Amino acid sequence: MKKAIFPGSFDPITNGHLDIIKRTSKVFEELIVGVLVNPEKVSLFTVDERVEQIKNVVKNLPNVRVKKFSGLLIELMNKEGAGVILKGLRSISDFEYEFQMASLNNKLDPSKETVFMMTKAKYCYLSSSSVKQVAMLGGCIKGLVPEQIIPDIIRKINSK
Ligand code: ADP
């Protein structure tokens, strides 16, 4: 299992996501960050904006690629030849949801495995939605997201 996919919304990417990406890029030969196109979810950034942000943030990690996808994750995995779904875990509530997703994906394709990486304690409270909430209320998001995307977030929130 040399190629893994880290799927998510990444709206926007946080330091919690980035920490998982950095740590797992050392474990797998190749890591694909899969940015989900979900028309049912209202997002702050378009999927293309999110892809560009992540590409910029991971540009120094040579074995990390970023791809947008819609539909079944398993289909993207087959297209990319990836055998592992990578997930980050923050809490018991993450566990319940992720256990369900891992079981479902295993049912859809038993050849795929889901691998979990625990968050660092300092990121266990961090989510994309909490970052958006803090930014919308005018709070400081330094240290929560990669430095270079802070102006994008502030600009986008001010334009809404
Ligand atoms: P969010 O929950 O922040 O909206 P996503 O839906 O984009 O994030 O999540 C993509 C993946 O990243 C999921 O596996 C999720 O558990 C993981 N993840 C999100 N935030 C963190 C964090 N702070 N630490 C570790 N993993 C995280």
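What's counted below: heavy atoms across the whole structure, side chains too, no hydrogens, waters or symmetry copies. Predicted, not measured: the structure shown is a model, and the values here were computed from it.
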For a quick test of reading the model, state the closest non-hydrogen atom pair linking [X] to [Y] and the distance between them.
X: Asn15; Y: Gly143; value: ND2-O, 2.8 Å
X: Val131; Y: Pro12; value: CG1-CG, 4.4 Å
X: Phe116; Y: Ala102; value: CZ-CB, 4.2 Å

Distance, nearest 0.5 Å, that separates [atom1] of [X] from [atom2] of [Y]:
X: Arg90; Y: Ile20; atom1: CZ; atom2: CD1; result: 9.5 Å
X: Ser159; Y: Ile154; atom1: OG; atom2: CD1; result: 12.0 Å
X: Glu113; Y: Asp109; atom1: CD; atom2: CG; result: 10.0 Å
X: Ile54; Y: Glu52; atom1: CD1; atom2: CD; result: 10.0 Å
X: Leu86; Y: Ile5; atom1: CG; atom2: CD1; result: 10.5 Å
X: Ile157; Y: Met136; atom1: CD1; atom2: CE; result: 4.5 Å

Let me check something: do [X] and [Y] share a hydrophobic cluster, defined by ILVMFWY side-chain heavy atoms less than 4.5 Å apart, either directly or through other members?
X: Val47; Y: Leu73; result: no
X: Met117; Y: Ile32; result: no
X: Phe95; Y: Met118; result: no
X: Leu31; Y: Tyr123; result: yes
X: Val115; Y: Phe99; result: no

Does some side-chain heavy atom of [Y] sit less than 4.5 Å from a side-chain heavy atom of [X]?
X: Leu61; Y: Lys22; value: yes
X: Ile153; Y: Val145; value: yes
X: Glu30; Y: Arg65; value: yes
X: Ser9; Y: Asn38; value: no

| query | Can you check side chain to side chain contact (heavy atoms under 4.5 Å, CB included) on Lys68 and Asp48, steps first, answer last? | reply | CA-CA 8 Å; Lys68 65 177 170 184; Asp48 291 322; 2.9 Å; yes
| Residues in ring-ring contact (aromatic ring centres under 6.0 Å, His included) contact with Phe10, at least two apart in sequence or another chain | Phe6, His17
| note | Taken in chain and number order and not counting sequence neighbours, the residues that satisfy side-chain hydrogen bond (donor to acceptor under 3.5 Å, both in side chains) with Ser129 are Ser127
| Non-neighbouring partners of Thr46 that pass side-chain hydrogen bond (donor to acceptor under 3.5 Å, both in side chains), sequence neighbours left out | Glu49
Strictly distance-based, threshold 3.5 Å: is any side-chain N or O of [X] a donor or acceptor partner for the main-chain N or O of [Y]?
X: Ser43; Y: Phe45; result: yes
X: Asn63; Y: Phe28; result: yes
X: Ser130; Y: Leu126; result: no
X: Arg50; Y: Val35; result: no
X: Thr114; Y: Ile85; result: no
X: Asp94; Y: Leu89; result: no

| Qualifying residues under salt bridge (charged side-chain N to carboxylate O under 4.0 Å, His left out), relative to Lys41, sequence neighbours excluded | none
| request: For Lys55, check salt bridge (charged side-chain N to carboxylate O under 4.0 Å, His left out) against everything at least two apart and list the hits. | output: none
| Does a salt bridge link Asp19 with Arg23, judged by any charged N lying under 4.0 Å from a carboxylate O? | yes
| query | Looking at Lys3 and Glu29, does any basic side-chain N land under 4.0 Å from a carboxylate oxygen? | reply | no
| Yes or no on side chain to side chain contact (heavy atoms under 4.5 Å, CB included) for Leu44 and Lys160, after CA distance, side-chain angles and deciding distance? | CA-CA 9 Å; Leu44 181 63; Lys160 294 245 167 186; 4.1 Å; yes
| query | Got a sec: does the OH of Tyr125 have more than 12 other heavy atoms crowding it under 6.0 Å? | reply | yes
| Is it true that atom CD1 of Ile92 has more than 12 heavy atoms of other residues, nucleotides or ligands lying nearer than 6.0 Å? | no
| Residue pairs involving residues 132-148 (criterion side chain to side chain donor-acceptor pair (under 3.5 Å); sequence neighbours excluded) | Asp11-Lys132
| query | Out of Ile74, Val84, Asn105, which residue meets the side-chain contact (heavy atoms from CB on, under 4.5 Å) rule with Lys112? | reply | Ile74
| field | Trace of the side chain to side chain contact (heavy atoms under 4.5 Å, CB included) decision for Val58 with Leu18 | value | CA-CA 8 Å; Val58 301; Leu18 185 57; 4.3 Å; yes
| field | Residue pair Leu144, Thr14: steps toward the side chain to side chain contact (heavy atoms under 4.5 Å, CB included) verdict | value | CA-CA 6 Å; Leu144 305 183; Thr14 68; over 6 Å; no
